[in-house]
Amino acid sequence: TTKSIASLAACLTVLSYVSTAVVSASVAITYLQDLVSQIDNSWGTVVLLGLFAGLNLCGIKDSANVAVCIFVVHMSIMFILIADCTIYAFQTDFSMFVENFNQRNNATFTCPPGQTGDCDMTIYPLVQALVFGFSSAMLGITGFETSANYVEEQKPGVFVKTLRNMWYCVALLNPTISVLSLCVLPLHTVRGYPLSGGQPSNNSLLQLMARQGWLSTLVSVDAFMVLAGSVLTAYVGVTGLVRRMAYDRCLPMFLLRTNGVFGTNHYIIIGFFLVCTSLFFITNQNVLILASVYTISFLSVMSLFAVGNLILKYKRARIRREHRAKVPVVLLSLAGTITAIYGNIVINGSTIQYFFLYYGIILLIVGLMFQRVHILRMIIRALTRKGRAGEEEDPAALQDTSGLRGFKARLAETMIRWLRQVQEQKIIFFIKVPDIRLMNKAVEYVRDNEQTQNMQFVHVHVIEGEETTPLGELSDVKAMSEDLAILQRVYPKMKLDFAAISSHSPFRGSLVQKIAERLSVPTHFMFISCPSEKFSYGIAQLGGVRLITGAL
């Protein structure tokens with residue numbers, strides 16, 4: 001696909017991180033209020049978001065050892081809670097479960113004490129009830145979409161084990177706790193009554209399930225700790241994602257600037273904090289709205305995983321991979337996530353408008369970045385009054401500011417400097433053998449997606465034995481040079497160049513890094529075609545080189 005389409009998925013992930021941070025922080029403070037009732041939820045949420053923003057500014061990131069400790073403590077407390085609820089259910093002969101089940105069968109709903117208004121319970125047909133239940137339950141697998149961000153930091157084979165372990169935990173805990181909640185709590189409590197801010201809220205459900213006072217306190221501490229960890233994960237995840245989008249020129253490059261003290265991306269961290277806090281107050285601290293936005297964005301990201309897998313099977317069939325998902329399994333997963341999206345929209349129809357509102361804002365920023373060359377040209381034309389939109393223009397004449405004075409001259413010169421920075425950024429494409437079709441495909445991709453007019457093809461010739469033939473005399477190098485001359489005539493506005501490099505070592509990450517330093521081009525501006533399964537290294541081992549074309 002094109003980079004613009006790929007950015008749609010990235011924007012969904014950004015939105016998912018924003019809502020994750022706000023919802024996790026707010027619910028964490030809710031559990032903390034069970035321990036310290038004097039804490040105000042609104043300002044407590046802002047303080048928690050600000051605390052983790054400060055920690056990230058200081059260079060604090062995810063720690064594997066801390067994560068393991070939190071995981072062990074959390075799982076231990078969850079098993080204690082399950083045992084406590086199970087004992088209570090047997091001691092009461094499941095009387096609470098029977099009472100709740102009878103309310104459902106009789107289509108009656110006992111309002112909680114002091115609750116007035118509409119407390120009726122809607123009874124859905126079996127199939128519809130299963131769809132709605134499945135849609136709501138899908139939110140219990142949140143976290144799967146962010147795990148992919150750590151693939152490159154893990155050893156080979158670890159990611160698959162991570163997904164497997166997460167699946168085991170979810171499959172065991174979620175259904176068990178869901179059933180046990182009906183065994184120890186009245187139905188109106190499970191449904192989120194009494195109302196909070198006019199809306200049902202069951203944020204403290206786990207704490208209410210505990211039958212022992214000490215366990216209730218322990219659950220609150222554990223919930224606060226885990227949810228606070230989610231806030232940290234959101235900061236770390238969004239920082240990495242925004243950095244990647246800035247590297248790919250989907251977002252402004254100034255976001256990549258780091259402070260001299262800790263070397264962290266302060267613009268990204270502070271910007272994320274401001275976005276989260278502003279959205280929290282814009283929605284009048286209504287976490288349900290942001291939770292609804294998170295629902296759609298999270299499930300959309302999960303759907304795109306399946307879509308991306310299918311696209312890889314079709315367009316990158318040759319790429320080396322350790323595991324292959326079967327097409328029926330991928331299609332079944334896609335059907336499940338789409339069903340969950342539909343179910344959540346039907347359950348809460350207002351969800352979709354808030355989702356498109358926030359998603360549209362992020363898309364607008366990215367869209368402006370993709371159109372910045374046209375926008376800069378329009379501004380320059382308006383200032384210099386040279387050329388018209390749609391006409392063939394002389395680049396030199398367009399950038400002539402000799403007739404301008406004062407502020408208009410300074411503004412025009414700034415716009416021209418920005419335009420040059422965008423269009424003169426060199427893009428490297430590694431080519432192994434002479435293939436003018438592949439070279440043409442690469443030029444078309446760069447022209448349509450990278451907003452630059454400067455591209456260089458690089459051929460790495462691996463020296464074997466005592467070979468002494470000069471690079472310029474090699475038949476492949478000669479053929480590539482001739483193909484480049486043809487392409488230059490086809491694309492006169494593009495600046496196309498060619499370089500042949502000899503090396504005693506094979507093409508791998510360390511060699512790519514040396515070439516990047518020698519040509520002064522960052523690795524994220526280096527592209528490669530899809531390698532075959534015989535290629536000795538994975539794409540992730542090439543130091544950030546992007547794969548842009550498949551087999552012809």
Side-chain angles (χ1 to χ4, degrees), residues 1-7 10 151-152 156 244-245 247-250 308-309 311-322 425-463 471 474 476-477 479-481 483-484 487 491 494-552:
T1 62
T2 62
K3 191 167 74 172
S4 57
I5 294 178
S7 66
V151 172
E152 295 181 358
R244 182 73 253 184
M245 294 179 71
Y247 277 135
D248 293 339
R249 305 207 289 183
C250 298
N309 186 281
I311 293 176
L312 281 175
K313 291 180 182 299
Y314 172 69
K315 303 191 72 173
R316 300 289 186 268
R318 299 193 313 167
I319 195 171
R320 181 183 179 185
R321 63 197 78 182
E322 296 181 4
Q425 174 60 57
K426 182 183 290 186
I427 298 293
I428 299 295
F429 183 81
F430 291 104
I431 184 165
K432 184 177 181 180
V433 295
D435 190 334
I436 193 170
R437 295 179 304 163
L438 179 61
M439 295 172 70
N440 179 67
K441 193 174 181 181
V443 173
E444 288 180 341
Y445 178 89
V446 170
R447 181 195 61 183
D448 298 338
N449 291 274
E450 297 302 325
Q451 305 179 56
T452 185
Q453 297 177 342
N454 190 2
M455 183 177 181
Q456 184 175 30
F457 291 91
V458 174
H459 170 69
V460 177
H461 174 69
V462 179
I463 300 176
L471 276 176
L474 296 175
D476 282 356
V477 175
M480 292 176 191
S481 300
D483 291 342
L484 183 71
L487 291 174
Y491 303 99
M494 296 283 291
K495 179 184 176 182
L496 303 179
D497 197 4
F498 174 73
I501 300 175
S502 59
S503 173
H504 290 279
S505 60
F507 186 77
R508 54 187 177 186
S510 57
L511 179 60
V512 170
Q513 190 60 44
K514 291 180 181 178
I515 295 174
E517 295 173 358
R518 180 175 175 180
L519 299 179
S520 300
V521 177
T523 54
H524 51 268
F525 287 132
M526 293 182 166
F527 301 159
I528 190 175
S529 63
C530 180
S532 67
E533 292 186 350
K534 297 180 180 179
F535 188 59
S536 303
Y537 304 94
I539 296 297
Q541 297 174 284
L542 296 181
V545 174
R546 282 169 52 192
L547 192 157
I548 63 169
T549 62
L552 292 172

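Keep in mind that this is a model prediction, so the values were computed, not measured.
Contact annotation: the side chain of Ile528 never approaches that of Ile431 to less than 4.5 Å [non-hydrogen atoms, C-beta and beyond]. Between Gln425 and Phe525, the closest side-chain pair of non-hydrogen atoms falls below 4.5 Å. When side chains are defined from C-beta on, Asp435 does not count as touching Met480, because their heavy atoms never get closer than 4.5 Å. Gln456 is not listed as a side-chain neighbour of Ile427, based on a closest heavy-atom distance of 4.5 Å or more. You'll find the side chain of Ile515 reaches within 4.5 Å of the side chain of Met526, heavy atoms only. You'll find the side chain of Asn440 reaches within 4.5 Å of the side chain of Tyr491, heavy atoms only. At least one side-chain heavy atom of Phe498 sits under 4.5 Å from a side-chain heavy atom of Val477.
Across every non-hydrogen atom of Lys432 and His459, the tightest pair is O-CE1, 2.9 Å. Contact detail for Arg546 and His524: the closest heavy-atom pair is CD-O, 3.8 Å. When all heavy atoms of Asn454 and Thr452 are compared, the pair lying nearest together is N-OG1, 3.3 Å.
Expressed to the nearest 0.5 Å, how far NZ of Lys514 lies from CZ of Arg508 amounts to 8.0 Å. The CD atom of Glu444 lies 11.0 Å from the CD1 atom of Ile548; values are rounded to the nearest 0.5 Å.
Results of the side-chain contact (heavy atoms from CB on, under 4.5 Å) test with Met455 over Leu484, Ile428, Leu496 single out Leu496 as the only residue that passes. Among Phe527, Phe507, Phe457, the single residue meeting the side-chain contact (heavy atoms from CB on, under 4.5 Å) criterion with Phe430 is Phe507.
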Could you check Ser529 against Leu438 for side chain to side chain contact (heavy atoms under 4.5 Å, CB included), going step by step and ending with a plain yes or no? CA-CA 8 Å; Ser529 63; Leu438 179 61; 4.0 Å; yes
Between Gln453 and Lys495, does the side chain to side chain contact (heavy atoms under 4.5 Å, CB included) criterion hold? Intermediate values first, please. CA-CA 6 Å; Gln453 297 177 342; Lys495 179 184 176 182; 5.6 Å; no
Output, in order, the C-alpha distance, side-chain angles, deciding distance and verdict of side chain to side chain contact (heavy atoms under 4.5 Å, CB included) for Val462 and Ser503. CA-CA 5 Å; Val462 179; Ser503 173; 5.5 Å; no
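Lys313 NZ: more than 12 foreign heavy atoms inside a 6.0 Å radius.
In terms of modelled atom types and a separation under 3.5 Å, the side chain of Ser502 and the main chain of His461 share no donor-acceptor contact. Proximity of a side-chain donor or acceptor of Asp248 to a complementary backbone N or O of Cys250 within less than 3.5 Å is not detected.
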